[in-house]
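Presented below is the structure to which this report refers.
Here is the naming used below: chain letters follow the sequence lines, and residue numbers restart at 1 for every chain.
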Number of protein chains: 2
Amino acid sequence: MRLEKMMNNTPVTLKFLAEKLKMSVSTVSKALNNYPTINEYTKQRVQEMARDLHFTPNKSAINLKEKKSHIIGIILPNLLDHFFTRSIYGVEQFATQNGYNVIISQSHDDLEKEIQSANMLLRSRVDGLIVAISKHTQDFAHLDQFENMGIPVVYYTRNPSFNLSCHKVLGNTFQGCYQATKFLIDRRHKKIAYLGGPKMINFTHDRFNGYINALKDNQIPFSSELVAYTDFDKENTISAIKNLFANPENMPTALVAFKEPILFDAIKYLRSINHPNFDKIECIGFGNTSFISYLDSPPIASIEENPESVGENAIKLLIQLINKEIDIQHYQKIMVDCKLIVHG
Amino acid sequence: MRLEKMMNNTPVTLKFLAEKLKMSVSTVSKALNNYPTINEYTKQRVQEMARDLHFTPNKSAINLKEKKSHIIGIILPNLLDHFFTRSIYGVEQFATQNGYNVIISQSHDDLEKEIQSANMLLRSRVDGLIVAISKHTQDFAHLDQFENMGIPVVYYTRNPSFNLSCHKVLGNTFQGCYQATKFLIDRRHKKIAYLGGPKMINFTHDRFNGYINALKDNQIPFSSELVAYTDFDKENTISAIKNLFANPENMPTALVAFKEPILFDAIKYLRSINHPNFDKIECIGFGNTSFISYLDSPPIASIEENPESVGENAIKLLIQLINKEIDIQHYQKIMVDCKLIVHG
DNA sequence: AACTACATTTCAAACGTTTGAAATAATTGC
DNA sequence: GCAATTATTTCAAACGTTTGAAATGTAGTT
């Protein structure tokens with residue numbers, strides 16, 4: 001059933017093939033790489049022998065010679081977040097097509113771990129880096145190292161908020177939030193609450209601005225009572241929700257939330273306290289989680305952030321930078337639009 | 001703010017350091033690797049210079065020399081499945097601690113893609129491979145290549161069902177299902193249905209056996225009417241559920257399901273048809289998804305498969321094999337127990 | 001037969017590191 | 001002051017590949 005093992009302790013290298021074929025190493029190399037100066041018949045013989053002996057070129061040697069690793073590094077906070085896993089789809093596919101491997105490294109939103117990952121990837125001489133920074137990254141020395149060595153870096157999603165010159169690929173989170181708010185306004189809501197995320201994450205503000213601008217553009221008065229913030233902690237979310245629904249004079253009939261798990265906590269809470277108009281409240285959050293179909297009180301719509309597309313744009317930009325089709329100093333910024341998905 | 005770029009086109013290598021310091025390359029190398037034969041003061045000078053010039057050893061060169069890549073490959077079907085992403089936690093952590101990088105490659109349950117991934121990892125000369133095979137893998141030539149070259153392979157979770165001799169790390173899915181069934185029996189259920197997964201996946205049968213054995217050990221009669229199978233398709237699940245609940249004489253009061261998303265589909269369906277005893281039916285599925293807390297009719301318990309532990313066991317075994325602490329031909333099988341998590 | 005022109009193969013250096021053996025320098029004992 | 005140790009540094013080969021330049025081989029032309 002199983003191929004008998006050779007356990008051949010002499011590894012099959014170019015040299016080994018050359019000896020077997022009684023020709024020079026360079027002929028073998030060139031034959032395998034289909035050089036035009038090599039005789040057709042020779043090529044055939046070499047290729048056949050290579051196949052029979054299961055020759056596999058040694059990547060380390062090639063990398064050393066070519067000064068390329070054919071590896072792209074990704075640093076991201078967390079693989080449990082579907083946004084990131086979905087974004088990897090986009091990256092991986094395009095990378096593979098272009099002959100690159102991908103090393104994924106999780107920072108677990110820990111700066112120390114992020115630095116470690118960066119150093120490890122630097123030692124591995126990745127040809128390029130895609131990174132979504134941790135919540136706590138303020139200093140960028142560990143990432144600047146790459147550009148200092150001429151290795152391009154693309155920041156995606158989570159990126160330095162202050163205007164550090166760097167390549168960025170971002171979800172158009174402003175537009176997403178604007179669209180969601182507009183959708184609720186069109187459904188005749190006047191009291192639309194906004195539940196924001198951690199203030200340290202830079203796009204929290206973009207989302208808020210989307211909300212505000214939609215209100216403004218449609219002459220809906222803004223009320224600060226209708227805005228609250230939470231981190232990802234459940235307790236925290238519940239107390240934010242309590243605040244939003246505290247004033248009977250100013251009771252929200254709709255809610256836009258920073259992220260779906262937070263929204264689910266909010267919905268669950270409102271339901272648990274038997275909020276009088278619970279059935280009327282319409283909610284929208286960022287994410288478009290697949291589990292929504294199992295909820296009994298699902299959000300009316302989701303803001304789909306198209307993570308695959310974000311990933312794809314990041315890798316495409318990175319490869320252009322690697323190939324020097326774009327100058328590394330000519331910083332790019334790409335925005336990927338969100339899409340409102342109406343459920344039911 | 002940002003470090004001024006050197007954009008130094010001469011890369012900082014051992015040779016470069018050696019010239020700067022006016023000593024030989026080998027002294028520099030040995031100083032950096034803390035050889036006892038090197039003078040303390042020399043070491044200091046070298047290390048200082050290395051730090052100042054941001055020397056980063058070239059991994060490709062080291063790998064070539066050492067005939068090691070310090071890379072471990074993982075092939076798995078899918079990163080969207082939380083079982084796999086969670087298992088990576090275990091792998092990554094232990095791998096990093098031991099100086100290995102991890103390249104993750106998704107097969108998307110496609111044999112062709114799996115073969116491609118395997119070949120790519122082979123070219124990269126990974127030091128070891130951890131693999132959860134695709135649904136369609138029948139032939140193992142692409143994976144046997146590794147062992148033929150002396151590279152150890154550990155199959156985890158999804159593995160060749162027939163008794164191919166190989167290293168395996170598996171969830172003890174029999175025990176998990178037994179325990180779940182026993183739990184329901186203890187709650188006085190007599191009619192416990194079993195909703196199985198795709199028959200091609202090998203542990204489908206182990207789970208079924210856990211179910212059957214729990215019934216047998218507790219003198220509950222088995223009825224084939226109470227067993228149905230589904231793949232991951234929703235239509236398919238619903239028709240399976242219809243069959244299970246078809247006979248009014250033999251109506252289940254409890255359900256054990258192969259995987260939680262399937263179970264959620266089942267619950268949703270039963271609810272949608274207003275099944276008369278819906279509130280009484282108690283369900284358990286494999287997975288322990290975090291979303292359970294948002295469901296209105298949650299399963300009474302979940303079978304936690306401890307994916308982190310599965311991953312950790314796989315990497316530990318692999319590293320032992322790499323270090324030849326275990327003979328590669330001495331095939332190991334490790335079972336990781338499941339744990340029943342009772343909700344509410 | 002000698003020359004050119006081309007086809008094909010081989011040489012040799014390079015990529016950046018490691019490491020045992022050899023060389024050199026410094027220290028000790030007498 | 002000189003051999004014998006010991007401490008420290010350097011040499012040189014190796015890992016497996018690529019690639020421009022040089023060498024060789026083969027025809028074709030005169």
Side-chain angles (χ1 to χ4, degrees), chain A residues 8-47 49-50 53-71 99 122-127 149-150, chain B residues 8-47 49-50 53-71 99 122-127 149-150:
Chain A
N8 216 330
N9 27 23
T10 32
V12 182
T13 65
L14 288 185
K15 192 173 162 199
F16 185 76
L17 290 182
E19 278 161 13
K20 284 260 172 211
L21 289 159
K22 298 191 189 314
M23 45 178 91
S24 78
V25 173
S26 24
T27 308
V28 176
S29 169
K30 286 174 177 168
L32 290 172
N33 289 312
N34 210 25
Y35 267 53
T37 69
I38 300 293
N39 181 287
E40 273 310 318
Y41 177 60
T42 310
K43 280 185 193 171
Q44 270 185 24
R45 282 179 59 217
V46 172
Q47 276 157 12
M49 179 69 69
L53 267 51
H54 299 104
F55 168 73
T56 326
N58 184 318
K59 211 86 189 304
S60 299
I62 296 175
N63 293 345
L64 176 59
K65 191 80 230 294
E66 293 190 349
K67 294 161 174 286
K68 276 199 77 166
S69 64
H70 302 277
I71 294 177
L122 193 66
R123 271 195 302 279
S124 294
R125 288 287 193 283
V126 292
D127 293 336
M149 289 182 66
Chain B
N8 214 330
N9 28 23
T10 32
V12 183
T13 64
L14 288 186
K15 193 174 161 195
F16 186 76
L17 290 182
E19 278 161 13
K20 285 261 171 213
L21 289 160
K22 297 192 192 313
M23 45 177 92
S24 77
V25 173
S26 23
T27 308
V28 176
S29 168
K30 286 174 177 169
L32 289 173
N33 290 311
N34 210 25
Y35 267 52
T37 70
I38 301 292
N39 182 287
E40 275 309 319
Y41 175 60
T42 310
K43 281 184 193 172
Q44 271 185 23
R45 283 179 56 217
V46 173
Q47 277 157 12
M49 178 69 68
L53 267 53
H54 298 104
F55 168 74
T56 327
N58 183 317
K59 211 87 189 305
S60 298
I62 296 175
N63 294 346
L64 177 59
K65 191 80 230 297
E66 292 191 349
K67 294 162 174 286
K68 276 199 78 166
S69 62
H70 301 276
I71 294 176
L122 194 65
R123 270 195 301 280
S124 294
R125 289 288 192 281
V126 292
D127 293 337
M149 288 182 66

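With sequence neighbours excluded, the residues forming a side chain to side chain contact (heavy atoms under 4.5 Å, CB included) with A/Thr56 are B/Leu122, B/Arg123, B/Arg125, B/Met149, listed by chain and number. The side chain to side chain donor-acceptor pair (under 3.5 Å) check on B/Lys68 picks up B/Tyr100, with sequence neighbours excluded. Partners of A/Ile62 by side chain to side chain contact (heavy atoms under 4.5 Å, CB included), not counting sequence neighbours, listed by chain and number: A/Pro57, A/Glu66. Taking the side chain to side chain donor-acceptor pair (under 3.5 Å) definition, one finds that A/Ser124 meets it with B/Asn101, sequence neighbours left out. Among residues two or more places apart in sequence or in another chain, the side chain to side chain contact (heavy atoms under 4.5 Å, CB included) test is passed with B/Lys15 by B/Thr13, B/Glu19, B/Val25. Residues meeting the side chain to side chain donor-acceptor pair (under 3.5 Å) test with A/Ser60, sequence neighbours left out: none. Taking B/Thr42 as the reference, B/Met23, B/Thr27, B/Ile38, B/Asn39, B/Val46 meet the side chain to side chain contact (heavy atoms under 4.5 Å, CB included) condition, with sequence neighbours excluded.
Taking side-chain N and O atoms only, B/Asn33 has a distance below 4.0 Å to OP1 or OP2 of C/dT18. Remark: A/Ser29 is in phosphate contact with D/dT18, judged by side-chain N or O atoms under 4.0 Å from OP1 or OP2.
Among the atoms of the strands shown, only primed sugar atoms or phosphate atoms (P, OP1, OP2) are found under 4.0 Å from some heavy atom of A/Thr42. At the heavy-atom level, B/Phe55 lies under 4.0 Å from the strands shown only through sugar-phosphate atoms.
Note: CZ (A/Arg45) to P (C/dT9) measures 9 Å, nearest angstrom.
The backbone N or O of B/Tyr35 sits less than 3.5 Å from a side-chain atom of B/Lys43, completing a donor-acceptor pair.
At its two ends the helix from C/dA1-D/dT30 to C/dC30-D/dG1 runs along axes set 70° apart, each axis drawn from five pairs and the angle rounded to 10°.
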Protein-nucleotides 10-15 of chain C N/O pairs under 3.5 Å:
residue : atom : partner : partner atom : Å
C/dT10  : OP2  : A/Ser24 : N            : 3.0
C/dT10  : OP2  : A/Ser24 : OG           : 3.3
C/dT10  : OP2  : A/Thr27 : OG1          : 2.7
C/dT10  : O4   : A/Lys30 : NZ           : 2.8
C/dC11  : N4   : A/Ser26 : OG           : 2.9
C/dC15  : O3'  : A/Lys67 : NZ           : 3.4

